[in-house]
Structure formats: C-alpha cells, structure tokens
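One structure is given below, encoded as structure tokens.
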Protein chains: 4
Amino acid sequence: MKLRDDKKAGQIFRSVLTLVKEKGLAGITMGEIAKEAGMATGTLYIYFKNKEELINNLFFECRKEALENYFVNYDESLPFKKGFSIVWHNILQFRIENFEEVVLMDQCYHSPFVNDCTVKLTKEMKKPLYKLIERGKKENFFKDVDDMTLLTFMIGSIHEGVKNAHYNRKPLNKAAIDAMFKMCWDGMKR
Amino acid sequence: MKLRDDKKAGQIFRSVLTLVKEKGLAGITMGEIAKEAGMATGTLYIYFKNKEELINNLFFECRKEALENYFVNYDESLPFKKGFSIVWHNILQFRIENFEEVVLMDQCYHSPFVNDCTVKLTKEMKKPLYKLIERGKKENFFKDVDDMTLLTFMIGSIHEGVKNAHYNRKPLNKAAIDAMFKMCWDGMKR
Amino acid sequence: MKLRDDKKAGQIFRSVLTLVKEKGLAGITMGEIAKEAGMATGTLYIYFKNKEELINNLFFECRKEALENYFVNYDESLPFKKGFSIVWHNILQFRIENFEEVVLMDQCYHSPFVNDCTVKLTKEMKKPLYKLIERGKKENFFKDVDDMTLLTFMIGSIHEGVKNAHYNRKPLNKAAIDAMFKMCWDGMKR
Amino acid sequence: MKLRDDKKAGQIFRSVLTLVKEKGLAGITMGEIAKEAGMATGTLYIYFKNKEELINNLFFECRKEALENYFVNYDESLPFKKGFSIVWHNILQFRIENFEEVVLMDQCYHSPFVNDCTVKLTKEMKKPLYKLIERGKKENFFKDVDDMTLLTFMIGSIHEGVKNAHYNRKPLNKAAIDAMFKMCWDGMKR
DNA sequence: AATGAATGAGTATTCATTCAT
DNA sequence: TATGAATGAATACTCATTCAT
C-alpha cells in the first residue's frame with residue numbers, strides 16, 4: 001500500500017512560496033501550485049482540506065521556522081551585547097535567505113486566507129524575543145521604553161532593510177549590515 | 001480613465017481602500033468595489049479601463065498623497081534636527097491616519113496588478129527624502145552610511161511601529177512617539 | 001438598462017425538465033442546463049443562487065402547477081361522481097402531458113437537492129384533494145376508510161398507470177382510461 | 001465482478017441501499033460507499049468493474065429478490081382469491097420490509113447508471129405476475145381489461161400505499177392493509 | 001486480495017468584462 | 001453616463017478510477 005508521503009506537504013509549501021514571490025498571494029491558483037509541485041491538483045487535497053488551510057498551515061510553518069532560527073547559537077551565558085548581536089544577525093540572515101517566506105507572511109496579513117486563530121498562535125511564539133529585550137533592559141543596556149516599542153524598533157531596523165535591499169537588487173554587504181546593526185544598537189541603547 | 005478629478009473616481013478609491021484593509025487585495029472583486037462605492041459594476045469601467053488600471057492608479061495616488069504630506073511645514077531654513085523631526089512626524093502621522101493606504105501599498109508589491117511602470121514612477125517621488133538625508137550627512141548629524149541605508153532605517157523605525165500599534169490595537173501616545181523618534185535619531189546620528 | 005427577464009427562469013425550468021427525463025436528476029450539470037436553455041452558465045446564477053435552489057424552486061413550481069390543474073372545471077355544485085371524475089381525469093391528463101414534471105418530482109424524493117422545507121410546503125397544497133375525499137365519504141359514496149388511504153389509492157391508480165404507459169410506450173387510449181377510472185371508482189366505492 | 005457469492009459484494013450492496021435512501025442515487029460517491037461498507041475504495045473495483053456495473057448489478061439483484069418473494073406460499077392449487085391475496089400481501093410485505101430497495105429501483109429509472117439491458121432483463125421476470133392476472137381473468141374474477149392495465153392497477157395500489165406510509169411515518173396496520181386489499185380487489189373484480 | 005494515495009477530467013461557482021437599455 | 005444582466009473563461013474542489021505497495 002502506498003502511504004502518505006511526508007515530503008509532499010513540504011514540496012507543496014515550497015511551490016507556494018516560489019509562486020507567491022513571483023506573483024503575489026492574490027494571483028495563485030491551486031492548479032499552479034500543483035503544477036509547480038509536480039503533482040495533480042487532486043493530490044493537494046489529500047494533504048490539505050482546501051486552499052485556506054494550505055495557506056494557513058504554510059503561514060504558521062513559516063513563522064515557526066523563522067522564530068526557531070532566531071535563537072540559533074544564542075546562549076544566555078554570553079554577554080548581552082554579543083547575544084543580542086547574534087539574534088539580530090540571525091533574524092537578518094533568515095530574512096535574507098528566506099525572502100519568499102517574508103513576502104508570504106507580509107501578504108498574509110489582511111488576506112482572506114489567514115484566519116485569526118493562526119495569527120494568535122504565531123503571537124505566542126514571540127515570547128523569547130520579549131525575554132531578550134527584557135534582559136537588555138534589566139542589564140541597563142536599553143532605554144527605559146516599553147518592551148513592545150523596543151522590539152518593534154529592532155525588528156523594523158531589519159525588516160525594512162532586507163525588503164529594500166531585495167527590491168533594489170542591492171544585496172547587503174558586510175559594511176551595510178554592520179552599519180544597520182550599529183544604528184539599531186545606538187537607537188536602543190540608553 | 002476618464003475624469004481624474006471626478007468625485008466618482010475618489011469614491012471608488014475609497015471603497016477599494018476600505019475593502020483591502022478588510023480582506024486584502026487578494027479577495028476583492030469588482031462587484032464588491034462597486035457595491036461599496038454605491039454604484040453599478042459597469043460604472044467602474046467608465047472611470048477605469050480595467051481592474052489592473054484601477055489598482056495601479058490607486059497605488060500611484062496613494063504614494064503621491066503620502067509623499068506630498070511628508071514635507072508639510074518643512075522648510076529648508078529650519079535647523080536640521082527640527083526639520084528632520086517635522087518630516088519624521090509627518091510620515092508617522094500620515095501612516096497612522098491613513099493606515100488603509102499603507103496596507104494597500106504593502107499588498108501591492110508582488111501583486112499581479114501593480115506593474116513595473118507604476119513602481120518606477122513612485123521611486124522618482126522619493127527624491128526629496130534623499131535630499132533630506134543628504135543634508136543631514138552634509139551637516140554632520142548623521143553617520144557616514146550610504147543614503148539608502150539611512151533612509152531605509154528611518155522609514156523602518158516608523159513603518160514597523162505603526163503596523164505594530166495598529167495590529168495590537170495600542171494607539172501610539174505621545175510618550176511612545178517621542179521614544180520612537182529618539183531611537184531613530186540616536187540610531188542615525190553620528 | 002437591461003432588466004431581469006422573467007421568461008428566463010421559465011426557460012431554465014423547461015431545460016431542466018427536458019434533461020431530467022433524458023438522463024435523470026443525477027446526471028445533469030449546470031453547464032448542460034445552460035446550454036439547453038441557450039444561455040451562459042453564469043446566467044443561471046443570476047436567477048438562482050445555486051443548483052440546489054434551482055432544483056428546489058423547480059420542484060416546488062411543478063408541484064404547484066400540478067395541484068392547480070387538478071381542480072380545473074371542478075365545481076362543488078356538480079354531483080359528486082361527476083366532480084370526482086373530473087378531478088381524476090385532470091390528474092391523469094396532467095401526468096400524461098407533463099410526464100417530465102412527474103419524473104422530476106419522483107427523482108426529487110431522497111435527492112440531496114430538495115430540502116425538507118420544500119417538501120413541507122408541497123404537503124400543504126394537498127388539502128383540496130383531502131376535501132374531495134371527505135365529501136365522497138360524507139355523501140356515502142366511499143368506503144369507510146381513513147382519508148389518506150383513500151387518497152393514496154386514488155393517486156396510485158393513476159400514478160402507476162401513467163408511468164407504465166410511458167415506459168412501455170403504449171399511450172393510454174379512451175378504453176384503457178375508462179377501465180382505469182372504473183377500477184378506481186369500484187375500489188373506493190362503498 | 002469476481003465472486004458473486006462473496007460476502008463483500010453483499011456488504012457493498014447493503015451500503016449503497018442505505019446511502020441511496022439517505023441521499024438519493026444522485027449524491028452517492030464510490031468513496032462513501034466504500035466507507036459505509038468498511039473497506040477501501042480500491043476494493044470496490046475488485047468486485048465491480050465500475051460504478052455503472054455496481055449499480056446495475058444491484059438494481060438487477062433487487063428486482064430479482066423482489067420477484068422471488070412475490071410467490072412465496074403461493075400455490076396454483078389454492079382457490080384464486082386466496083392465491084391472489086397471498087401474492088398481493090407478499091408484494092406489500094416485501095416493499096415495506098425492503099423500502100430501501102424500492103427507493104433504489106425508483107431512482108434507477110432515468111438514471112444514467114442503469115442501462116437498457118438491465119431494464120429488459122427485469123421485464124422478463126414479471127411473467128409470473130402476468131400469469132396470475134390471466135388466471136384471474138380466465139376464472140372470471142377480474143374485469144375484462146387488458147392484462148397490463150390490471151397488473152399495473154394492482155401494483156399501483158400497493159406501491160403508492162407503501163410510499164405514502166413511509167414518507168408520512170405512519171406504519172401500515174392490519175386494518176389499513178385490509179382496506180387496501182379490499183379496494184384493490186373491488187377495483188379489479190368483474 | 002486489500003489498501004488508500006495519486007491522478008486528472010469534470011463540476012459548480014465566481015468574476016472581470018461587455019453590452020443592451 | 002449609468003445600470004446591472006449577460007457572458008464565458010477561469011478557479012476551487014470532487015470523484016471515478018488507477019496503481020504502487
């Protein structure tokens with residue numbers, strides 16, 4: 001008997017990401033997804049109940065993967081600035097390397113496909129980032145500003161930078177990245 | 001498109017903005033736009049050749065309106081920091097007050113509706129912002145970083161902040177805005 | 001402005017009936033209905049929300065038309081047997097001439113298209129037939145059997161006869177019809 | 001079709017009957033049949049070449065089973081009215097007890113699944129009923145009406161009665177059955 | 001033989017666009 | 001100009017059938 005292939009869902013996800021980057025969430029059809037994934041349309045429906053569920057799952061998966069990557073090599077025992085730098089660079093790196101995911105997630109807000117439930121779930125995942133910010137404040141590195149504002153500023157410094165580099169086709173080099181980090185740090189520091 | 005200054009075109013634009021915020025660019029139909037605007041579908045085609053042109057025009061219009069607002073009350077004769085602050089706050093204010101436009105513009109990247117031509121036109125409009133950055137550098141306020149990186153950082157500090165405030169339903173108060181501006185300034189300043 | 005054409009719904013109904021007789025309710029597609037009716041598929045959806053509503057409305061319409069025909073020329077002042085005979089022959093005639101409707105209604109029971117609500121509505125319409133039966137009993141023509149059993153017997157004598165004639169391609173002639181009526185009357189009479 | 005007498009084929013038949021009564025022939029899928037029968041879809045195709053053959057076989061089987069039951073306990077040596085009564089009651093009893101089969105057979109006319117060949121085969125099986133009618137006429141019990149009309153009347157008296165009882169959820173009791181038989185007999189008798 | 005995943009043609013429905021009024 | 005009915009291509013989704021295990 002042929003059993004459900006665990007790789008298939010991943011293949012499907014990858015195809016959607018490719019297509020979203022090319023033509024946006026708006027213009028994607030199930031037929032195109034299947035074609036890009038090298039399978040029949042019907043097969044998509046074995047792995048996902050419908051388009052909404054497919055996109056939701058992908059959105060959730062992307063968010064999860066992103067946040068999992070953020071803390072690679074981070075260790076609470078490291079001095080704060082070093083640790084913060086690692087996380088900041090992880091986020092930047094992830095967004096550069098996985099720009100397709102970034103595009104998808106951006107497009108998913110306000111989209112009819114992503115439901116509130118999925119949005120809520122992804123919020124939960126942000127907690128480690130808040131912990132990092134709190135540590136920065138407790139160790140007196142950061143300004144006395146509320147956590148959310150600080151985190152948003154940090155994310156913004158990366159987010160906009162990566163988008164810009166991509167759309168202007170100017171890959172970020174070491175110098176630009178260093179400058180960006182310095183600006184972020186200087187902005188946040190007390 | 002017939003009469004650009006006709007009230008009807010404006011009504012149509014407004015309807016699209018409302019709907020995009022509600023359900024994203026992906027999920028909007030010409031029928032819904034017409035209904036929201038209180039007119040018949042056919043009427044849309046008197047003002048716009050087709051959906052693509054409608055969205056493109058709106059995108060262009062939003063971008064233009066945005067950039068026009070950015071330099072209100074700005075005057076080159078003002079001391080730099082004062083001038084920069086005015087522009088920064090103008091941008092923030094505009095994005096808060098016209099969040100629908102922000103959403104539309106975000107969704108338009110990667111959308112099959114917005115064509116390269118429109119994207120190019122809007123780039124042209126960014127020039128005054130570059131001039132501002134250059135002045136900041138010439139007058140030795142800003143770090144010695146390339147203009148685009150600085151501008152992107154500035155925009156990012158605002159953009160992400162507004163989005164965050166909106167999605168978390170926490171309107172930005174004076175204190176938060178001051179903190180945001182300070183972070184931005186400290187980040188950019190030499 | 002082009003206004004909704006009242007004839008269209010009728011045209012659509014007629015097309016469905018033709019097709020149901022040909023291939024049964026099971027095998028009919030919206031595309032075929034549209035083609036048979038000489039219009040585009042989309043047009044069907046201007047007049048009916050979806051397939052279910054289309055079939056339901058048709059079912060209801062058929063039932064109504066049928067019952068309206070049953071009492072043509074009937075008059076309470078006529079002697080009972082004469083009146084009963086008129087109704088009986090009306091029913092027979094209607095079922096012969098509108099065999100397509102008969103087929104549709106038969107197929108609609110147990111079909112996923114016809115919902116309980118519609119079934120209930122049509123029951124309401126049977127009341128005049130019950131009144132006829134009651135009169136027959138009150139005037140001592142009929143056996144002392146409950147109304148429903150009598151009515152069912154009457155209907156059965158016609159229903160099965162018409163179906164049989166149709167499927168065996170033996171149109172009912174005067175002699176056969178007279179025989180059928182006599183059997184029905186003799187069966188019911190005291 | 002492989003093994004007619006295998007239990008599996010029977011299970012499949014039973015499942016179809018259950019589903020047809022629930023949702024009509026139109027709305028049934030091979031997947032549902034398999035599920036209801038507690039087996040995989042693929043398995044259905046071991047026993048039947050395709051859906052059409054499955055339904056045709058079932059239709060044929062139902063018809064056969066029905067007609068086999070009609071003459072249980074009937075014996076030509078019995079006095080005619082007694083014999084006729086036995087057959088009449090057998091038919092009634094069968095239709096009450098096997099209402100699902102009745103529904104299936106009704107729905108099969110006009111269905112794209114049941115082909116002419118199957119219809120023809122079932123006609124063949126009606127012969128014993130015609131013989132019964134002929135005997136009734138030869139022994140001067142019945143009206144001088146052609147056989148088919150008499151048989152149809154007899155069947156109609158039962159058919160409609162059973163359907164009605166079922167749909168109105170009023171099981172037929174002894175009194176009602178006696179009344180129905182009397183009406184049928186009185187109608188047919190000379 | 002039995003399974004259920006895979007297939008892809010087919011179906012209901014939607015929706016941008018046109019057109020008659 | 002304005003309307004909204006009509007169109008039919010396009011899309012999400014289904015389902016009979018096949019096939020690898």
Sugar-phosphate only, base, or nothing, as touched by B/T29 at under 4.0 Å among non-hydrogen atoms: sugar-phosphate
Interatomic distance, D/M39 CE vs E/dA2 P [rounded to whole Å]: 8 Å
Nearest-nucleotide comparison on DNA chain E, the residue closer to the 5′ end among B/G42 and D/G42: D/G42
Complement of E/dA9, any strand, by Watson-Crick or G-U distances under 3.5 angstrom: F/dT14
C/K51 to C/T29 - nearest heavy-atom pair and separation: NZ-CA, 4.5 Å
Nearest-angstrom distance from the residue atom CG of A/N50 to C1' of E/dT13: 15 Å
E/dT7 OP1/OP2 closer than 4.0 Å to side-chain N/O of A/T43: yes
Sugar-phosphate, base or nothing in reach of A/F48, heavy atoms under 4.0 Å: nothing
Contact nearer the 5' end of DNA chain E, comparing B/M30 with D/G38: D/G38
Presence of salt bridge, A/E32 and A/K35, under 4.0 angstrom: no
Sugar-phosphate only, base, or nothing, as touched by B/L44 at under 4.0 Å among non-hydrogen atoms: nothing
B/Y47 side-chain N/O to F/dA2 phosphate OP1/OP2 under 4.0 Å: yes
Ionic contact status for C/E100 with C/R14, cut-off 4.0 Å: yes
Shortest side-chain distance from A/A40, nucleotide among E/dT18, E/dT7, E/dT3: E/dT7
Closest-nucleotide ordering on DNA chain F, the 5'-leading residue of C/D5 and A/E52: C/D5
Of C/I46 and A/K51, the one whose closest DNA chain F nucleotide lies more 5': C/I46
Sugar-phosphate, base or nothing in reach of D/I28, heavy atoms under 4.0 Å: sugar-phosphate
Presence of C/K8 side-chain N/O under 4.0 Å of F/dA6 phosphate oxygens OP1/OP2: yes
Rounded distance [0.5 Å steps], NZ in B/K8 versus CZ in B/F48: 12.0 Å
Heavy-atom pair with the smallest gap, counting every atom of C/E101 and C/C62: CG-SG, 3.2 Å
For E/dA1, the Watson-Crick or wobble partner whose two distances fall under 3.5 Å: none
